[in-house]
Amino acid sequence: GLKIAVIGGGSSYTPEIIEGFIKRHDELPVKDLYLVDIEEGKEKLEIVGNLAKRMIEKAGVDMNIYLTLDRREAIKDADFVTTQFRVGLLDARIRDEKIPLKYNCIGQETTGAGGLAKALRTIPVILDICKDIEELSPNAWLINFTNPSGIITEAVHKHTKVKCIGLCNVPILMHMLSADVLNVNKDDIRMDLVGLNHLVWGRDVIYKGESKIDEVIKHLIAGKGYTAKNIPDIDWGKELLESLGMLPCPYHRYYYLTDVMLKEEIETAKKEGTRGEIVKKVEKELFELYKDPNLKEKPKQLEDRGGQYYSDAACELISAIYNDKGTIHYVNIQNNGTINCIPNDSVIERTCYVDKEGAHPFNVKPLPSKIKGLLQVINEYEALAVEAGVYGDYGTALQALIIHPLVESSSAKYILDDIIKENIDYLPQF
Ligand code: NAD
Ligand code: G6P
Ligand code: MN
Ligand code: MN
C-alpha cells in the first residue's frame with residue numbers, strides 16, 4: 001500500500017483530499033495517510049483529523065490516518081508528499097493584504113506585493129521540507145499547492161533535487177466553465193492552457209477536434225458569471241474579451257482592471273474586511289461543523305472557499321502518476337523550452353499529460369505580443385522572488401517589487417520595509 005504525507009494537514013480543505021482518496025481507493029490503494037501540522041495548528045489538526053477518521057470509517061476503506069507534529073516520521077519512505085501549509089497562518093495573510101492597500105496598491109495573497117511576502121515566508125520552509133524528502137524519501141513526488149504555487153514550485157526545482165509538480169484549482173475552474181457554457185461533458189473537452197500560476201490563459205478549448213474558444217468567449221461577453229470564490233466577479237468588458245480572443249483566468253482582473261479591483265478591495269475591506277478576514281470567519285464556521293461527531297463526510301459549505309476542487313485534482317494527479325495513466329492535467333512544471341520566450345528553468349502552468357515519469361507539457365505555439373510581455377515581466381518578477389526568498393537579499397526583493405506592474409514603484413521600498421518588519425519572525429534568511 002501507498003504512504004502519503006500531507007503537510008499542513010490541519011487545513012480546512014483536508015476533508016476534500018480524504019474524499020478524493022476514498023473515491024479512488026480501488027485504483028489508488030493508500031494504506032497510510034499522515035496529516036502533519038505544527039504546534040500552532042494542533043487544535044485544527046485534531047478536529048479535521050478526527051473528521052477524516054470518521055469519513056474513512058464510514059466509507060469502510062482500509063486506510064490508516066495518523067495525526068502528527070513529527071514531519072520527518074511522516075515523510076520517511078512516503079510515496080507522495082503533498083503541501084498545503086500556510087506559514088504564519090491567516091494573520092500573516094491579512095497583513096499581506098493590508099500592507100499594499102496602505103500604499104494604494106492591490107492587496108492580494110498571491111498576486112502583487114502580498115504574494116512576494118507570502119513567498120518570502122514560505123520558501124525557507126519548503127526548502128527544509130525538501131531536505132527531509134531528499135534524505136528520507138528521495139523517490140517521493142512532491143505535489144505542491146502551497147501558494148504562491150508557481151513561485152514555490154520554481155524554488156523547489158531550482159534549489160533541490162525533489163521531483164515536484166505544482167497545482168492550482170484555477171485551471172479546473174476554467175475547464176468547468178468551458179464545459180458548462182458549451183453544454184458538454186467535462187471529460188470531452190481539453191484546454192490549450194498556457195502561462196504562469198494565477199496568470200494563465202485558455203488559448204483554446206477543443207471539443208471533438210474542433211476549436212470552441214470563440215463560443216466560450218461569446219458567453220463571457222454576454223455576461224456569464226465566471227470567477228473563483230475569492231475574487232469579485234467584475235465584468236471584463238466586451239472589447240477586452242473580443243480583442244484578447246482567449247479565456248483569461250480570474251486573477252487577470254488584477255492586471256486588466258487594476259483600478260476597478262483596487263476600489264472594490266478598498267470598499268470590501270471597509271465593509272467586511274479583507275478576504276483573509278472573511279476567510280477567518282468562514283473557517284471558524286467550518287471547524288464548528290467539523291467538530292460534530294455525527295458529521296462523516298465533506299460538508300457542502302467548503303465550497304465557500306476559493307480553492308474548491310484542488311485537493312480532488314491532487315488525488316487524480318497522484319493516481320495518474322501511480323497508475324501510469326497518460327491523462328491530461330493542468331499543472332506547474334519546469335519550462336524546459338516549452339514557452340520559447342522565457343528561460344528553461346522557469347516554472348510554467350501548462351496542459352500536460354501525466355504518466356509514471358511525471359507531467360509532460362504539450363508544445364506551445366509562439367505567444368502573441370498581447371500576452372507575451374506581461375508573462376515575461378511576471379516570470380522575471382518570480383525569478384527575483386525565488387532568489388530573494390532563498391538568499392534573503394534586500395535589493396533583489398526590492399527589484400522584484402519595483403518591476404511588478406501591480407506595485408507602485410516609488411512605494412516599493414516602503415512596502416518591502418513593512419513586509420520585513422511585520423514578518424521578521426518568519427524570515428530567517430533576512
Ligand atoms: P490554513 O491557514 O488552514 O493552513 C493549513 C495548515 O498549515 C494550518 O493548520 C497550519 O497550522 C499549517 N502550517 C503552518 N505552517 C506549517 C509548517 N511549517 N508545517 C506544517 N504545517 C504548517 O491554510 P489553507 O487555507 O488550507 O491553505 C493552505 C495553503 O494552500 C495556503 O498556502 C494556500 O494559499 C494554499 N492554497 C492553494 C490553492 C491552489 O490553488 N494552489 C488552493 C487553496 C489553498
Ligand atoms: C483559489 C486559488 C488559490 C487560493 C484560493 C483562496 O482561487 O486558486 O490559490 O489560495 O482561491 O481561497 P480563499 O477561500 O482562501 O480566499
Ligand atoms: Mn491557485
Ligand atoms: Mn517563473
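Both counts, for ligands and for their atoms, begin at 1 and track the order of listing. Everything quoted here is computed from the prediction, not taken from an experiment.
The Mn ion (ligand 3) has Cys168 SG, His198 NE2 as protein N, O or S atoms under 2.8 Å away.
Residue contacts with ligand 2 for Lys229 are absent, since no atom lies close enough (heavy atoms, distance under 4.0 Å). When heavy-atom distances to ligand 1 are checked against a 4.0 Å cut-off, Thr110 has no atom that comes that close, whether in backbone or side chain. Using a 4.0 Å cut-off between heavy atoms, Tyr309 makes no contact with ligand 2 at all. Counting heavy atoms closer than 4.0 Å to ligand 1, residue Asn169 contributes atoms from both its backbone and its side chain. Contacts with ligand 1 closer than 4.0 Å are made by heavy atoms of both the backbone and the side chain of Thr146. Contacts between Arg305 and ligand 2 below 4.0 angstrom, taking non-hydrogen atoms only, involve backbone and side chain alike.
The salt bridge (Lys or Arg N to Asp or Glu O under 4.0 Å) pairs that include a residue from residues 255-272 number zero, where partners must be two or more places apart or lie in different chains.
In terms of polar-atom proximity, defined here as any N/O pair under 3.5 Å, Phe145 does make such a contact with ligand 1. Residue Asp304 has no nitrogen or oxygen atom sitting less than 3.5 Å from a nitrogen or oxygen atom of ligand 2, judged on distance alone.
Summary of contacts: the protein heavy atom closest to atom 33 (C) of ligand 1 is Asn147 ND2, 3.7 Å. Of the protein's non-hydrogen atoms, the one nearest atom 8 (C) of ligand 1 is Asp37 OD2, 3.5 Å. Summary of contacts: the protein heavy atom closest to atom 41 (N) of ligand 1 is Leu167 O, 2.8 Å. Summary of contacts: the protein heavy atom closest to atom 16 (C) of ligand 1 is Ile38 CD1, 3.6 Å. Among all non-hydrogen protein atoms, the one lying nearest atom 26 (O) of ligand 1 is Ser11 OG, 2.4 Å. Shortest contact from atom 20 (C) of ligand 1 to any protein heavy atom: Ile7 CG2, 3.6 Å. Among all protein heavy atoms, the one lying closest to atom 43 (C) of ligand 1 is Tyr310 CE2, 3.4 Å.
For ligand 1 and Glu109, the ligand atoms under 4.0 Å from any heavy atom of the residue are 34 (O). Taking every non-hydrogen atom of Cys168 and a distance limit under 4.0 Å, the qualifying atoms of ligand 2 come out as 8 (O). Listed by atom number, the atoms of ligand 1 under 4.0 Å from Val125 heavy atoms are 18 (N). With ligand atoms numbered from 1 in the order given, ligand 2 contributes 8 (O) to contacts under 4.0 Å with heavy atoms of Val170.
With atom 32 (O) of ligand 1 as the reference point, the heavy atom nearest to it among Glu39, Gln84, Lys44, Lys118 is part of Lys118. Across Glu40, Arg86, Glu283, heavy-atom proximity to atom 24 (P) of ligand 1 is greatest for Arg86. Across Tyr309, Tyr13, Phe85, Phe287, heavy-atom proximity to atom 22 (C) of ligand 1 is greatest for Phe85.
Judged by the 6.0 Å and 45° rule, Arg190 forms a cation-pi pair with Phe362.
Contact analysis leaves Arg71 out of contact with ligand 1, as no non-hydrogen atom separation drops below 4.0 angstrom.
Atom NZ of Lys76 has 12 or fewer neighbouring heavy atoms from other residues, nucleotides or ligands inside a 6.0 Å radius.
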